[in-house]
There are 2 protein chains.
Amino acid sequence: MAATLKDIAREVGVSVTTVSRALAGYSDVAEATRLRIQTAAARLGYHPNLQARRLQKQRTDTLGFIIPTFGPRFSDPFFSEFIAGIGNEASLHDYDLLVSTHAPDSADEAEAYQRAARGRWVDGLIVVRTRQDDARIKLLSEHSFPFVAFGRSNCEHDFPFVDEDSAEGIRLLVEHFVALGHTKIAFIAPPSGLMFGHFRRQGFLDTMAANGLPVVPEWVGEGDMSQRGGAAAAEALLSHTPRPTAIICGNDLMAMGTINYIQQLGLKVGDDIAVAGFDDIPLAAYVSPSLTTIHQPIYEIGRRTCAMLIDIINGRFPENPHHLLTPTLIVRKSSCLAID
Amino acid sequence: MAATLKDIAREVGVSVTTVSRALAGYSDVAEATRLRIQTAAARLGYHPNLQARRLQKQRTDTLGFIIPTFGPRFSDPFFSEFIAGIGNEASLHDYDLLVSTHAPDSADEAEAYQRAARGRWVDGLIVVRTRQDDARIKLLSEHSFPFVAFGRSNCEHDFPFVDEDSAEGIRLLVEHFVALGHTKIAFIAPPSGLMFGHFRRQGFLDTMAANGLPVVPEWVGEGDMSQRGGAAAAEALLSHTPRPTAIICGNDLMAMGTINYIQQLGLKVGDDIAVAGFDDIPLAAYVSPSLTTIHQPIYEIGRRTCAMLIDIINGRFPENPHHLLTPTLIVRKSSCLAID
DNA sequence: ATTGATATCCGAAACGTTTTGGATTATACT
DNA sequence: AGTATAATCCAAAACGTTTCGGATATCAAT
C-alpha cells in the first residue's frame, strides 16, 4: 500500500539505489535527478519503512527506560516529569522512547535488562534510582551496552551519569535548621539500598558531626519514599522522648506523610516542629504548610541524561561523562525556629 | 555476532525454513528434529531478530502512548500509574510500549498522530484525556487505525473506549454534600475542552437541579487540573459573598490547591468549609485534611484499555467495546456538615 | 588519441525473518 | 503392486532498505 523506494524508482525511471542515495543526500547523484526523485517522493507520499531501515542498519533508533516500580499502585511524580524530559530530548534527535515497568531487583527486571544487553531491542538505556552494587549497571557495563544513569553507584565500573549532589543538599537543609536554632534534628532516610538514600543519609551524618550535634539513633528512620512510608517512619520517630524539633525527610512524598502524621498528633508543622523534604515536586508548594525542600530540576536532568546517551550511542563520547549538579535550597513555611 | 536461524540450520544440518518452523511450533516438523533444533538454539543462545521478524510480518509488536503535557514542568500522578497499567498488560502479551509527550492540540502532536495513522510506527494507540471534537479520534477513525481511548467523545465516529462515569461520580459528591446539609455548593471544573471536564460539569449542574439547588454562576469556576489552577479558581470563587459552604473540585490536584488557598485565608477545611476532589490519587489520603474524593482505578483502567487494544489489533473485536465503570465515593476528613 | 579524473548511475548482496508451494519419503489401504 | 495419504523437509521469494564495488559517460589535460 504505502509507497516504497521501488515505486519511486519506477516512477522516475531510475534505480532503487539512486533513489535511496538521492534521498539520503549523497553527493553522487545529479541535482536534477535528486529533484525529480524528491518531488516524486512527495507526490507519492513516501515515508521510509523504519523496520526495513533498522534491519539493514542494525540499529533501532530507540531508547529504553525501565521504570522501577514497587507494586502496581505506584505513583511517583518524579517519573512523569522525567519521562517528559527524556522523551522530548529523544524526539529532538529522532529517537523513540520505549518504556516498561518492573519491580526493582525482580527476576522480571533482570530479564528485561538482559534482553536489552543482548542488543537489538533498544540502542541504549537510561537507568534511574541507582542501587548499591547495582546489578543493572554491572550487567550493562560488562556487555559494554550504552547507557547513562541518573545517579552514581559504588561498583567498580566507571560509567556515565548525571546526578545531583544529594549529600550537599542535605547539608544545606541541616545547616538551614541549625541556623534556625535546631539541635534535635531527625532524619527519615530513603532506602539505603538506593545510592541516593546512602548519600543523603551520609550527608546527614556528616553535617551533624561537622556541627558538633549528636545523632540520636532513634531519630534516624527509613521509609520507602511514599507518603505512607513517611508517615510510618514519623510515627516511629515521634514515639520516642525527647522528640526532635526538626525532621528532614529523604524526599517530598515522605515529608508529606510526616506532616500529615504530625498534624494528626495535633501539632503544628512550621510552628511546633519543622519539617523539610527533598526534590521540590510541584505539589510541595501547594501543601500546607508549604514545604521547605531541595530543588531537583528533574525535567532538565532527564534531558541531559538523554542527550548524553544519544551522544554515546553515536560514538561521541562526552568530554565529561559525570555531571554533578549542585542543589539549591527552597525555604517555605514548614520551616520554623526551634522551640524547646 | 548474535546467533541467527542460519547458524542453527548449519549446526543441525537442516534448512533455515525448518528451523523457523520448528521454533514457531508448526506441526510439519518431526519431534526429534524439533528437539535437536531447540537444544541447538538454546546452546547458541539464539534470540530472534525482532527487526527482521517485524519487517517480514509487517507489524511492530509495539503500542503507542502519546502523553498530552502542558509545558515541560508537568507532573501528573495519573500518568505514572496509567503507564504502569498499560505497560504491564502490554508486556504480558509481548508488546512493547512507545511513549512520547506532546502539548495537546499542538502541531507537534498532530504530526505524531499522523505518523502513527500512516501505519508501521506502532500497531495501535492509546488515547487519553479525550477532547471535544477530538481531532485525534477523528484522524485515527478515518484511517481506521487501531486505538482505544480512555474517555468517551462527542464525535460522530463510534470507537472503543474505557471510561468512568464522571457525571455519576459528581452526582455522588453533590448528594454527599447535600446529605450533610450543604446547599451552597461551588464547583471548580476541569477545562471544558476535555470531555470529562464537560461530563463532570454537566453532572454537577444536573444534580444541583435535581435537588432543587440554585447554581450560582460565580461559584462555578474552571481550572487547568493543577494545584496552581485550583488555588487560582478557589481564590476567584471565594472572593464573592456569600461564600459557598462546600467546594467540589474537578480533580484531586485542584482540590489540594483549593485547600491550600482556603487555609491561607485562615479557614479550616473539614470544619468551616467542605472540599472534595476527584480521582483519589494516592496523595489524597495523605494531605491534611485527607480528601473526600471519587476513586478511579487508574491502574486497572490502564490494563483494560491496553487489553482491549491488543484484542482489536489481533482481529478479536470485543463483544462490548464500551466499558463504563461506576465510580465509588471515598469520604474523608475534608467533608463536614454545613455551617451557616 | 590516449590518459586520468570526475560525475553519475546501478546491479547485486546483505540484514534475518516468514511463507508459499512444492518435493521427497514413508505408511496404509485397496 | 499400485495408489492415495500423511509426515517431513526445503528452495526461493518476499519484506524495504542500505551499501559495496564497479560501470559508463564526460571532460580536461597530456
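Residue numbers begin at 1 in each chain, while the letters A, B, ... track the order of the sequences. Computed from a prediction, not measured in an experiment: that's the story for all the values here.
Atoms CG (B/L5) and P (D/dA11) sit 14 Å apart, rounded to a whole Å. Rounded to a whole Å, the CZ atom of A/R54 is 20 Å from the C1' atom of D/dT19. In this structure, B/R10 atom CZ and C/dG16 atom P are separated by 12 Å, rounded to whole Å. Remark: P of D/dC15 and CG of B/D61 are 19 Å apart, rounded to the nearest angstrom. Between the P atom of D/dA14 and the CD atom of B/Q56 lies a distance of 11 Å, rounded to the nearest Å. Distance B/K57 NZ to C/dG16 P: 18 Å, rounded to the nearest Å. For B/R59 and D/dA14, the CZ to P distance is 23 Å, given to the nearest whole Å. As a whole-Å value, the separation of B/I37 CD1 from D/dC10 C1' is 12 Å.
Contact check, B/Y46 against C/dT17: a side-chain N or O comes under 4.0 Å of OP1 or OP2. Proximity of A/R53 to the phosphate of D/dG16: no side-chain N or O atom is located under 4.0 Å from OP1 or OP2. When the side-chain nitrogen and oxygen atoms of B/Y26 are compared with OP1 and OP2 of D/dC9, none of them lie within a distance under 4.0 Å.
By the 30° and 60° cut-offs, the orientation of the rings of B/F65 relative to B/F79 is tilted.
The distance from the CD atom of B/E300 to the CD atom of B/E89 is 8.5 Å, given to the nearest 0.5 Å.
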Report task. Please test B/Y113 against B/F145 for ring-ring contact (aromatic ring centres under 6.0 Å, His included), starting from the C-alpha separation and ending with a verdict. Result -> CA-CA 10 Å; B/Y113 277 91; B/F145 186 84; 9.3 Å; no

Requested in this report: For the pair B/F161 and B/H323, evaluate ring-ring contact (aromatic ring centres under 6.0 Å, His included) and give the outcome as yes or no after the intermediate values.
Outcome: CA-CA 6 Å; B/F161 64 78; B/H323 288 205; 8.7 Å; no

Query - Worked check of side chain to side chain donor-acceptor pair (under 3.5 Å) between B/D76 and A/S80 - result: CA-CA 6 Å; B/D76 194 319; A/S80 44; over 6 Å; no

**Report entry** Audit row: A/F159, A/F147, ring-ring contact (aromatic ring centres under 6.0 Å, His included) steps and yes/no
**Finding:** CA-CA 8 Å; A/F159 63 92; A/F147 75 102; 5.8 Å; yes

Query raised in the report: Which is it for A/D134 and A/S153 under the side chain to side chain donor-acceptor pair (under 3.5 Å) test, yes or no, and what are the steps along the way?
Result: CA-CA 7 Å; A/D134 202 313; A/S153 190; 5.1 Å; no

Requested in this report: Using the side chain to side chain donor-acceptor pair (under 3.5 Å) rule, take B/T18 and B/S15 through it: C-alpha gap first, then chi angles, then the decisive distance, then the call.
Outcome: CA-CA 5 Å; B/T18 304; B/S15 82; 3.1 Å; yes

Query raised in the report: What string of B, S and - do you get for nucleotides 23-28 of chain C, 5' to 3', when a contact is any protein heavy atom under 4.0 Å?
Result: ------

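Within the 4.0 angstrom heavy-atom criterion, base atoms lie near A/S20.
Here the side chain of B/T62 pairs no donor or acceptor atom with the backbone of B/V122 at under 3.5 angstrom.
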Pairs under 3.5 Å (N/O, protein and nucleotides 8-12 of chain C):
| from | atom 1 | to | atom 2 | distance (Å) |
| --- | --- | --- | --- | --- |
| C/dC9 | OP1 | A/T33 | OG1 | 2.9 |
| C/dC9 | OP2 | A/A30 | N | 2.8 |
| C/dC9 | OP2 | A/T33 | OG1 | 2.9 |
| C/dC9 | N4 | A/D28 | OD2 | 3.0 |
| C/dC10 | OP2 | A/S15 | N | 2.8 |
| C/dC10 | OP2 | A/S15 | OG | 3.4 |
| C/dC10 | OP2 | A/T18 | OG1 | 2.8 |
| C/dG11 | N7 | A/T17 | OG1 | 3.3 |
| C/dG11 | O6 | A/T17 | OG1 | 3.0 |
| C/dA12 | N6 | A/T17 | OG1 | 3.2 |

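The side chain of B/Q58 sits closest to D/dG16 out of C/dG16, D/dT17, D/dG16.
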